[in-house]
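A short write-up of the structure that comes next.
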Amino acid sequence: MTIETFLSPSEWLEEATGPRYVRLRTRIETAISTGLLAQSAPLPAEREIASLSGLSRVTVRRAMQDLVDRGIVVQRQGSGSFVSDAPPKVEQSLSRLTSFTEDMDRRGLTSSSEWLGRGIYMPSPEEVMVLALSSGESVARVERLRRANDRPMAIERASLPVDILPNPLLVETSLYKVLEAGGSRPVRALQRISAINLGDEDAELLGVEPGAAGLRIMRTSYLPNRRVVEFTRSIYRGDAYDFVAELRLADQ
Ligand code: 16G
């Protein structure tokens with residue numbers, strides 16, 4: 001199928017609900033996530049999309065603007081619109097303790113994970129120290145490549161005390177959901193962010209050139225009783241996230 005036939009309304013426009021520009025945006029997103037439109041592929045011109053879909057130019061422009069705002073499509077002066085080859089840019093608040101799944105849901109993106117490791121292991125000295133493990137105690141690890149709308153965003157390696165996560169295999173989609181079900185979802189976290197250049201292996205997993213810019217994020221999360229519940233080392237694609245912090249004058 002070509003993108004032209006895909007955008008010609010047989011039933012898709014009437015079957016979907018919501019404002020028409022959202023229906024068109026979703027249709028284009030589907031074309032991208034199913035691979036009909038590859039990364040960097042050109043999109044038909046707005047005028048052409050309007051005549052293919054029977055929607056007005058205003059509606060098409062609005063849908064395109066939304067795709068551009070979400071980082072899914074890029075517009076180049078004089079040469080038109082293209083599917084972005086970067087993952088959708090996600091604005092992440094630095095003051096809310098949320099999970100990857102929740103962050104993506106809130107932005108209308110579908111999260112998925114590829115397992116890099118999951119099980120009970122002998123802890124490293126760093127894990128023993130940060131998680132305050134006693135000698136001989138094992139550690140639960142949940143290591144994933146995380147995707148948004150099928151695009152790699154981050155490599156995440158979470159370590160937890162075994163009594164908090166006795167069976168890491170229970171984590172299928174969201175770690176925080178499993179913790180919540182067990183009454184041990186963290187309520188506070190400290191996060192340290194630093195800039196890095198991606199090594200060969202991480203770059204390959206994230207689908208970028210070796211040496212590309214990335215962010216290393218270390219999160220230590222706590223239960224209400226101040227016990228450390230999670231120690232996570234993540235590596236994000238540098239072009240995937242915008243971190244936003246709200247700043248206030250002291251005592252305000
Ligand atoms: C976020 C957290 C990570 C946590 C994960 C749980 C950062 C830098 N990291 O990605 O520490 O383990 O969410 O996500 O934000 P999940 O519940 O979707 O598995």
Side-chain angles (χ1 to χ4, degrees), residues 90 92-104 111 113-147 152-208 210-238 240-241 243 245:
V90 167
Q92 162 82 337
S93 162
L94 278 176
S95 54
R96 289 184 59 186
L97 181 51
T98 48
S99 74
F100 185 87
T101 311
E102 290 162 348
D103 289 340
M104 299 309 129
S111 51
S113 303
E114 186 180 310
W115 288 101
L116 303 175
R118 180 170 41 162
I120 307 288
Y121 299 86
M122 285 297 294
S124 68
E126 193 184 27
E127 286 170 325
V128 170
M129 200 180 70
V130 179
L131 297 173
L133 303 178
S134 11
S135 91
E137 216 180 322
S138 316
V139 70
R141 289 192 195 138
V142 172
E143 304 180 332
R144 296 170 283 178
L145 171 67
R146 313 224 55 181
R147 294 199 170 93
M153 300 281 279
I155 301 164
E156 223 173 59
R157 300 180 193 279
S159 308
L160 302 94
V162 181
D163 62 302
I164 301 266
L165 187 66
N167 184 5
L169 297 182
L170 286 181
V171 182
E172 279 167 9
T173 50
S174 167
L175 170 64
Y176 277 17
K177 267 213 188 99
V178 172
L179 294 179
E180 192 162 348
S184 44
R185 182 174 168 134
V187 293
R188 189 175 75 87
L190 285 181
Q191 213 162 266
R192 181 182 291 267
I193 304 179
S194 45
I196 53 164
N197 291 106
L198 297 170
D200 293 1
E201 231 171 89
D202 292 340
E204 191 176 336
L205 282 171
L206 292 171
V208 292
L215 293 166
R216 170 176 292 128
I217 306 179
M218 314 261 273
R219 181 185 280 195
T220 315
S221 309
Y222 300 84
L223 293 176
N225 67 8
R226 304 195 180 169
R227 178 169 180 208
V228 177
V229 62
E230 167 202 28
F231 170 48
T232 299
R233 286 84 65 215
S234 310
I235 295 185
Y236 280 84
R237 278 182 66 146
Y241 258 71
F243 288 94

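Only this structure's heavy atoms are used, side chains among them; waters, hydrogens and symmetry mates stay out. Sequence positions, counted from 1, serve as the residue numbers for this chain. Nothing here was measured: the structure is a model prediction, and the numbers come from that model.
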>> My understanding is that only residues two or more places apart in sequence, or in another chain, count here; which of them pass side chain to side chain contact (heavy atoms under 4.5 Å, CB included) with V162?
In response: I120, S138

> What is the minimum heavy-atom distance between T232 and S234, and which atoms define it?
Replying inline: CG2-OG, 3.6 Å

>> Can you confirm whether L206 sits close enough to Y236 that some side-chain heavy atom of one is under 4.5 Å from a side-chain heavy atom of the other?
In response: no

>> Around atom CD of Q191, are there more than 12 heavy atoms from other residues, nucleotides or ligands closer than 6.0 Å?
In response: yes

> Any side-chain heavy atom of L179 sitting closer than 4.5 Å to one from L160?
Replying inline: yes

> Does G117 offer a backbone N or O that forms a donor-acceptor pair with the side chain of R157 under 3.5 Å?
Replying inline: no

> Which heavy-atom pair separates R237 from P152 by the least distance, and what is that distance?
Replying inline: CD-O, 3.2 Å

> At what distance, to the nearest 0.5 angstrom, does CZ of R146 lie from CG of L205?
Replying inline: 14.0 Å

> When you measure from the side chain of E137 to the backbone N and O of S134, does any donor-acceptor pair fall under 3.5 Å?
Replying inline: yes

>> Using the rule given for side-chain contact (heavy atoms from CB on, under 4.5 Å), can you reason through L97 versus Y222, listing the C-alpha separation, both sets of side-chain angles and the distance that settles it, and then say yes or no?
In response: CA-CA 11 Å; L97 181 51; Y222 300 84; over 6 Å; no

>> Minimum heavy-atom separation for V229 and P186, please, with both atom names.
In response: CG1-CB, 3.6 Å

> Considering all heavy atoms of both residues, which atom of L170 and which atom of V178 are nearest to each other, and what is their separation?
Replying inline: O-CG2, 3.7 Å

> With a 4.5 Å heavy-atom cut-off, do F231 and V139 have their side chains touching?
Replying inline: no

> Can R144 and E114 be counted as an ion pair, charged N to O under 4.0 angstrom?
Replying inline: no

> Is there a side-chain contact between L145 and R147, using heavy atoms and a 4.5 Å cut-off?
Replying inline: yes

> Where the side chain of R192 meets the backbone of I217, is there a donor-acceptor pair that is under 3.5 Å apart?
Replying inline: no

> Do I164 and L223 have side chains that get closer than 4.5 Å, going by heavy atoms?
Replying inline: yes

>> Can you list everything that forms a side chain to side chain donor-acceptor pair (under 3.5 Å) with S135? Sequence neighbours excluded, please.
In response: none

> Taking only residues two or more places apart in sequence or in another chain, which ones pass side chain to side chain contact (heavy atoms under 4.5 Å, CB included) with R96?
Replying inline: S93, T98, R106

> With sequence neighbours excluded, what pairs up with A212 under the side chain to side chain contact (heavy atoms under 4.5 Å, CB included) test?
Replying inline: L198, V208

> Is there any side-chain hydrogen bond (donor to acceptor under 3.5 Å, both in side chains) pair reaching into residues 161-185, and which pairs are they, with sequence neighbours excluded?
Replying inline: E102-R185, D163-R227, Y176-R219, Y176-E230, E180-R185

>> Do L215 and S194 make a side-chain contact, defined as non-hydrogen atoms from C-beta onward lying under 4.5 Å apart?
In response: no

> Going by the salt bridge (charged side-chain N to carboxylate O under 4.0 Å, His left out) test, which pairs reach into residues 121-133, not counting sequence neighbours?
Replying inline: E127-R141, E127-R233

> So, for S221 and A189, which heavy atoms are closest and what is the spacing to 0.1 Å?
Replying inline: OG-CB, 3.7 Å

>> To the closest 0.5 Å, what do you measure between OH (Y121) and OG (S159)?
In response: 10.0 Å

> Of the non-hydrogen atoms in A158 and L175, which two are nearest, and what is the gap between them?
Replying inline: CB-CD2, 4.0 Å

